[in-house]
K.L.:
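This is the structure I want to talk about, given as structure tokens.
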Amino acid sequence: MKQSRIIEAAIIGAAIVIFGLLFKVGLDNFTNRNRQVTVKGLSEIEVPADQVTWSITTAETGDDLQRVYASSSNKINKIIKFLKDNGLKDEEIIVGTPLVNDNETDRWNADRIPFRFKIKTVLSVTSTDVEKVRGLISRQGELLEQGIAIINNEYDNPISYSFVSFQEMKPKMMEEAIANAQITAKQFAATSGSTLGKILSADQGQFSINSKDENTPQIKKLRVVTTITYQLKH
């Protein structure tokens, strides 16, 4: 009987020890599972724009519609010749539909004006040869010498630059952003006396393309920010 009680006590004691170990492991796992850090990783680079769009707007006025249209068409043809003589291709030039305004039918125009008709035409240049187009933009004076006035304002003559190769850059930038996030997380873990565990969650990254500044729209700033949550271990 005494020996039986000793065996029972030993079994109970062993069970208590095992339970305690399992409880500790479970508690440690629970603690580690709830210890985490969320960090952001950044990748940023400046690149030259690889596409430019230049909208060239001209206007012709007069009282004889046929003459106004003929004069407008002549101007457009001269602009096209100027562009093609300087290396642009047909597929890079698109001529929009002429917009005709008859001032005699414009009941909102209360002021008397010296002409009846106005024809406005927009010619758009879209090219991947950004520097060539930029050179032509700076040579608009050559068109003035031919009697061709280009309407210059931010609405009628916009020039826009873009970086269409962004999709090719995304994987590399995302990889760099994740690496930078991991560096930050490791520094935090070391400071808190922990070690960095597995990734618990991560987003696809927020991508943006902006001009470097208002004076250099032909230089684009590519940026990706990713948010990653890591597990921390004791």
Side-chain angles (χ1 to χ4, degrees), residues 39-59 72-73 75-99 120-146 148-184 199 202-228:
V39 295
K40 292 184 181 294
L42 170 67
S43 177
E44 199 170 56
I45 187 174
E46 290 182 1
V47 296
D50 58 6
Q51 181 173 286
V52 58
T53 299
W54 177 25
S55 296
I56 306 171
T57 303
T58 64
S72 176
S73 298
K75 284 185 176 181
I76 292 297
N77 290 333
K78 287 182 178 181
I79 294 173
I80 293 174
K81 184 177 185 304
F82 168 75
L83 296 174
K84 294 177 67 174
D85 285 349
N86 287 281
L88 292 186
K89 303 173 183 178
D90 288 330
E91 57 267 27
E92 296 176 309
I93 304 170
I94 298 177
V95 180
T97 303
L99 301 176
K120 185 168 71 172
T121 306
V122 179
L123 184 152
S124 295
V125 172
T126 301
S127 175
T128 56
D129 196 335
V130 176
E131 291 307 311
K132 178 183 289 184
V133 175
R134 280 173 55 79
L136 294 178
I137 292 172
S138 66
R139 292 168 54 191
Q140 294 182 56
E142 296 178 27
L143 293 172
L144 287 174
E145 293 175 354
Q146 300 180 53
I148 302 172
I150 295 177
I151 299 175
N152 283 304
N153 63 58
E154 60 179 323
Y155 301 106
D156 290 318
N157 190 35
I159 301 169
S160 62
Y161 298 90
S162 56
F163 186 74
V164 297
S165 302
F166 184 47
Q167 293 297 327
E168 300 173 10
M169 303 283 292
K170 288 176 69 173
K172 183 178 180 180
M173 293 187 68
M174 191 67 185
E175 182 179 340
E176 181 180 351
I178 292 173
N180 289 334
Q182 188 176 47
I183 291 173
T184 302
I199 294 177
D203 63 19
Q204 295 296 316
Q206 297 178 342
F207 293 86
S208 63
I209 305 177
N210 296 294
S211 297
K212 179 181 179 181
D213 54 58
E214 61 180 9
N215 297 316
T216 54
Q218 74 278 11
I219 303 298
K220 296 300 178 182
K221 180 179 290 186
L222 280 56
R223 193 171 190 265
V224 57
V225 179
T226 184
T227 303
I228 303 177

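Position 1 is the first residue of the sequence; numbering continues from there.
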K.L.:
Measure the NZ-CG distance between Lys78 and Leu83 for me, rounded to the nearest 0.5 Å.
P.N.:
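Going from the NZ atom of Lys78 to the CG atom of Leu83 covers 14.5 Å.
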K.L.:
Nearest 0.5 Å, please: how far is CG in Leu99 from OG in Ser72?
P.N.:
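Taking OG in Ser72 and CG in Leu99, the distance rounds to 10.0 Å.
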K.L.:
Hey, which of Thr226, Leu222, Ile178, Val224 is the one that makes side chain to side chain contact (heavy atoms under 4.5 Å, CB included) with Ser43?
P.N.:
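That would be Val224; it is the only one of Thr226, Leu222, Ile178, Val224 passing the side chain to side chain contact (heavy atoms under 4.5 Å, CB included) with Ser43.
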K.L.:
Please find the pair of heavy atoms, one from Val39 and one from Ala181, that lie closest to each other, and give the distance.
P.N.:
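Of all heavy-atom pairs spanning Val39 and Ala181, the closest is CG2-O, 3.3 Å.
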K.L.:
What I'd like to find out is whether the side chain of Lys120 reaches to under 4.5 Å of the side chain of Thr57, using heavy atoms alone.
P.N.:
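Counting from C-beta outward, Lys120 and Thr57 do come under 4.5 Å.
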K.L.:
Could you check if a side-chain atom of Lys220 sits within less than 4.5 angstrom of a side-chain atom of Ser211, using non-hydrogen atoms only?
P.N.:
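Yes, their side chains come closer than 4.5 Å.
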K.L.:
Shortest non-hydrogen contact from Tyr161 to Ala49?
P.N.:
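Where Tyr161 meets Ala49 most closely, the heavy atoms are CB-CB, 3.7 Å.
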K.L.:
Are any non-hydrogen side-chain atoms of Trp54 and Leu136 less than 4.5 angstrom apart?
P.N.:
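Yes; the side chains approach each other to less than 4.5 Å.
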K.L.:
Taking it one step at a time, do Leu88 and Val133 satisfy side-chain contact (heavy atoms from CB on, under 4.5 Å)?
P.N.:
CA-CA 8 Å; Leu88 292 186; Val133 175; 4.2 Å; yes
K.L.:
Are Met169 and Ile45 close enough that some pair of their side-chain heavy atoms sits under 4.5 Å apart?
P.N.:
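Contact flag for Met169/Ile45 side chains = yes.
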K.L.:
So which heavy atom on Thr128 is nearest to which on Glu92, and how close?
P.N.:
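Taking Thr128 first and Glu92 second, the nearest heavy atoms are N-OE2, 4.4 Å.
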K.L.:
So, for Met174 and Gln204, which heavy atoms are closest and what is the spacing to 0.1 Å?
P.N.:
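Scanning both residues completely, I find the closest heavy atoms to be CE-O, 3.2 Å.
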K.L.:
CE/Met173 to NZ/Lys170 distance, rounded to the nearest 0.5 angstrom?
P.N.:
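Atom-to-atom, Met173:CE and Lys170:NZ are 10.5 Å apart.
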K.L.:
Counting N and O atoms only, with roles assigned by atom type, does the side chain of Gln140 sit under 3.5 Å from a partner on the main chain of Ile137, one being a donor and the other an acceptor?
P.N.:
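Yes, the answer is positive, given that a donor and an acceptor are paired below the 3.5 Å cut-off.
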K.L.:
Under 4.5 Å between any side-chain heavy atoms of Asp213 and Ile219, yes or no?
P.N.:
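With C-beta onward as the side chain, the pair stays apart.
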K.L.:
Can a donor-acceptor pair be found, under 3.5 Å and without considering hydrogens, that links the side chain of Ser162 to the backbone of Val164?
P.N.:
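No, the answer is negative, given that no donor and acceptor are paired below the 3.5 Å cut-off.
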K.L.:
In the structure I gave you, are the side-chain heavy atoms of Thr126 and Ile94 within less than 4.5 Å of one another anywhere?
P.N.:
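When only atoms from C-beta onward are counted, Ile94 and Thr126 do not touch, as no gap falls below 4.5 Å.
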K.L.:
How far does OG1 of Thr58 sit from CD1 of Ile148, to the nearest 0.5 angstrom?
P.N.:
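Nearest 0.5 Å value for the OG1-CD1 distance: 8.0 Å.
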K.L.:
Is the number of heavy atoms from other residues, nucleotides or ligands under 6.0 Å of Glu142 CD greater than 12?
P.N.:
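Yes, the 6.0 Å shell around CD holds more than 12 heavy atoms from other groups.
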K.L.:
Does atom CD (Glu91) have a neighbourhood of more than 12 heavy atoms from anything else shown, all under 6.0 Å?
P.N.:
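Atom CD in Glu91 is crowded, with more than 12 foreign heavy atoms closer than 6.0 Å.
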K.L.:
Looking only at non-hydrogen atoms, find the nearest pair between Ala149 and Leu144 and report the distance.
P.N.:
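Ala149 and Leu144 have their closest heavy atoms at CA-CD2, 3.9 Å.
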K.L.:
Could you walk me through whether Leu143 and Ile56 pass the side-chain contact (heavy atoms from CB on, under 4.5 Å) test, one step at a time?
P.N.:
CA-CA 11 Å; Leu143 293 172; Ile56 306 171; 5.5 Å; no
K.L.:
Going from CD on Glu131 to CD on Gln218, what distance comes out if it is rounded to the nearest 0.5 angstrom?
P.N.:
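So the CD of Glu131 and the CD of Gln218 are separated by 7.0 Å.
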K.L.:
Could you check if a side-chain atom of Asn210 sits within less than 4.5 angstrom of a side-chain atom of Arg223, using non-hydrogen atoms only?
P.N.:
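Answer no - side chains too far apart.
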K.L.:
Using every non-hydrogen atom in the two residues, find where Ile228 and Ala202 come nearest and quote the distance to one decimal.
P.N.:
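Taking Ile228 first and Ala202 second, the nearest heavy atoms are CG1-CB, 4.0 Å.
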K.L.:
What I'd like to find out is whether the side chain of Thr121 reaches to under 4.5 Å of the side chain of Lys75, using heavy atoms alone.
P.N.:
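No. Closest side-chain heavy atoms not under 4.5 Å.
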K.L.:
Looking at Glu46, I'd like to know if its CD atom is crowded, meaning that more than 12 non-hydrogen atoms belonging to other residues, nucleotides or ligands lie closer than 6.0 Å.
P.N.:
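Atom CD in Glu46 is crowded, with more than 12 foreign heavy atoms closer than 6.0 Å.
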K.L.:
Is it true that a side-chain atom of Asp50 and a backbone atom of Ser165 form a donor plus acceptor pair closer than 3.5 Å?
P.N.:
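Looks like yes, one N/O pair under 3.5 Å.
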